[in-house]
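This report refers to the structure that appears directly beneath it.
Side chains included, hydrogens not; waters and symmetry mates left out as well; all remaining heavy atoms used.
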Number of protein chains: 2
Amino acid sequence: MDWALNLERIVLSLLRPMEDVLPLSVAPTMPFVAHDFGQTFSKSSDALRRIRADIVAGKLQPGQKLSFKFLVTCYDMGTSPLREALCQLAGQGMVELESQRGFRVAPVSRADLEDVIAMRAHAEIYAAGLSITRGNDAWRRNLGDASLAFTLVAAKAGDQRPIDERWEEIHRRFHFALIGACGSPTLLQFCKQISHRYDRYRRIAIPVQAVMAGPAQDHREITQAALSGNSKQAQSLLRRHIDDMAGVVLERYHRGAWMPKD
Amino acid sequence: MDWALNLERIVLSLLRPMEDVLPLSVAPTMPFVAHDFGQTFSKSSDALRRIRADIVAGKLQPGQKLSFKFLVTCYDMGTSPLREALCQLAGQGMVELESQRGFRVAPVSRADLEDVIAMRAHAEIYAAGLSITRGNDAWRRNLGDASLAFTLVAAKAGDQRPIDERWEEIHRRFHFALIGACGSPTLLQFCKQISHRYDRYRRIAIPVQAVMAGPAQDHREITQAALSGNSKQAQSLLRRHIDDMAGVVLERYHRGAWMPKD
DNA sequence: TGGCAGCGCAATTTCGAAAATCCATCGCTG
DNA sequence: CAGCGATGGATTTTCGAAATTGCGCTGCCA
């Protein structure tokens with residue numbers, strides 16, 4: 001295996017944003033970046049990405065009122081693109097819309113967390129099964145790269161660095177590389193949306209990288225099973241991986257339940 | 001069983017719109033209706049409902065360009081609420097948004113149809129299983145009512161009346177009564193969205209009620225299995241029901257594939 | 001003192017116009 | 001004559017202000 005070439009491909013793939021899912025950044029997307037990758041960005045889509053990222057990162061807290069006065073000064077744009085973004089986020093369950101009374105960040109609750117965990121597990125495991133059955137060589141290569149990339153950034157035990165956007169992106173890339181060949185755009189979109197909701201819980205419950213050291217090993221095992229076409233084993237490993245993480249998140253949620261903020 | 005009281009309850013339940021899913025009407029929702037049922041409506045939500053209904057009914061054809069000039073005159077409102085509605089519909093896969101190039105009705109294709117069918121079947125059957133396990137008496141009563149209501153409006157064989165909004169609403173009400181106790185808001189919302197997409201295909205493929213006479217019997221059998229708590233049997237009946245219908249839709253689609261319109 | 005109607009402020013929602021972008025056409029150049 | 005860049009019109013996108021709605025306060029009345 002040509003190590004240098006391999007690394008280069010991985011690095012390049014990390015630089016390229018994963019269409020509309022990954023760019024989690026608070027800074028506005030640069031126009032030239034958008035154009036370079038064949039996708040035009042508007043203020044609306046920027047608003048969508050930035051607000052979602054800030055919700056997932058916990059900068060906008062669960063239950064927080066999102067007044068337009070506040071948003072206009074925060075994100076430096078008119079109400080129209082903001083409203084558009086909030087509407088889409090409402091459809092994804094990231095914000096709540098009460099007619100004539102504005103928007104607020106979707107509150108957190110044990111019931112919602114359990115719902116999110118159950119749906120994410122079911123959808124992602126199902127998609128993984130399809131993907132492993134249907135995946136071709138390009139998919140296998142991409143999965144290998146994503147897994148390796150995650151290994152490279154994975155924390156050592158005891159690492160107290162906070163989880164940041166880069167870590168999130170690489171982590172997310174692995175999970176979507178795994179299910180990317182499932183063949184169903186609808187299922188993929190559902191997985192994207194539910195994972196954003198899940199990530200918010202995980203991100204608030206597990207702010208530092210230390211706890212996420214174990215998953216690197218999980219990812220490698222899942223990758224191995226997936227690449228060898230053993231979909232049953234990959235699915236059960238994935239289920240264990242998701243359950244383990246969900247257990248930690250649930251337990252932490254139960255202890256220090258986050259309060260809505262007004 | 002008190003027949004008159006039963007009928008009255010069913011009729012009443014039919015008059016009440018099923019929150020945001022059912023009101024499929026081209027006329028704007030009356031304000032007093034909105035207030036009466038504890039939900040305020042805005043022009044945006046009206047636009048959402050009306051446009052979605054028109055897409056499902058085929059009045060807005062697959063692939064059709066949705067220019068604001070056209071929409072503003074059609075729906076008699078400004079661009080803001082229309083834009084908001086279109087954004088949400090884009091998130092639900094009913095319209096496509098190409099940045100800076102406007103909106104168009106989501107095109108139809110065999111691949112999309114197969115995706116929609118597969119996802120609808122998987123999600124709805126899964127939800128039905130959960131619902132039957134978790135449902136309480138209120139759920140059973142509601143399911144019985146919905147099934148009976150559908151029986152009452154179901155067509156006799158050879159009925160050439162076109163499928164209208166009322167038929168759609170009662171049909172939809174049955175399917176959601178079945179899965180209503182699944183316990184997962186997220187899963188329910190997914191089922192709602194995917195069913196709208198599926199309904200569009202079915203509605204264009206099967207414009208008259210005649211073909212939909214068989215399903216009434218299916219519904220009764222499914223209800224019976226569900227009410228007796230036999231989730232496995234209900235699921236397999238539901239699967240057969242969905243597969244049968246999907247087969248007809250697919251076959252008709254294949255014969256007379258609808259062309260995009262500009 | 002408790003309750004309710006009316007009033008005024010603040011916030012959302014909607015509109016109409018300005019700005020930015022795209023597309024087709026035309027003219028120029030090699 | 002083909003290819004490329006500029007120009008004009010049409011459309012989308014965004015903004016700022018008007019209109020509408022909700023909410024809290026005050027004052028009146030029982």
Original post:
Between B:S195 and B:R120, does any side-chain donor sit less than 3.5 Å from a side-chain acceptor?
Top reply: no
A:I163 vs A:H171 side-chain heavy atoms within contact, under 4.5 Å: no
In this structure, CG of A:D46 is separated from CG of A:D76 (nearest 0.5 Å) by 11.5 Å
A:D112 and A:Y201: side chain donor to acceptor below 3.5 Å:
yes
In numerical order, the residues of residues 76-89 of chain A whose heavy atoms come under 4.0 Å of DNA chain D are A:M77, A:G78, A:S80, A:P81
One should read off an interatomic distance between A:R83 CZ and B:S80 OG, to the nearest 0.5 angstrom, of 8.5 Å
With a cut-off of less than 4.0 Å, is there a side-chain N or O of A:K43 near OP1 or OP2 of C:dA20? no
Rounded to whole Å, CZ of A:F103 lies from C1' of D:dG22 at a distance of 16 Å
Next on the checklist: Does D:dA10 have its OP1 or OP2 closer than 4.0 Å to a side-chain nitrogen or oxygen of B:K65?
Outcome noted: no
B:Q100 CD to D:dT11 P, in whole Å, measures 15 Å
note: B:L66, atom CG; D:dT13, atom P; distance rounded to Å ~ 12 Å
So CD of A:Q193 and CE of A:M94: to nearest 0.5 Å the spacing works out to 10.0 Å
Here the gap from A:D115 atom CG to A:I194 atom CD1, rounded to the nearest 0.5 Å, amounts to 6.5 Å
Taken to the nearest whole Å, NZ/A:K69 to P/D:dG16 is 16 Å
On a heavy-atom basis, the closest approach of A:R50 and A:C74 is NH2-O, 4.2 Å
Output a table of nitrogen or oxygen pairs between the protein and nucleotides 6-10 of chain C separated by less than 3.5 Å.
none

**Prompt:** Distance check: side-chain N/O of A:R101 vs OP1/OP2 of C:dA11, anything under 4.0 Å?
**Reply:** no
A:L71 atom CG is separated from C:dA11 atom P, nearest whole Å, by 12 Å
Atom CZ of B:R104 and atom C1' of D:dT11 are separated, to the nearest Å, by 13 Å
If you compare every side-chain N and O of B:S44 against the phosphate oxygens of C:dT14 (OP1, OP2), does one of them come in below 4.0 Å?
yes
Separation of C:dC15 atom C1' from B:F68 atom CZ, nearest Å, is 14 Å
Sequence neighbours excluded, the answer for ring pair (Phe, Tyr, Trp, His ring centres under 6.0 Å) partners of B:Y126 is A:H122
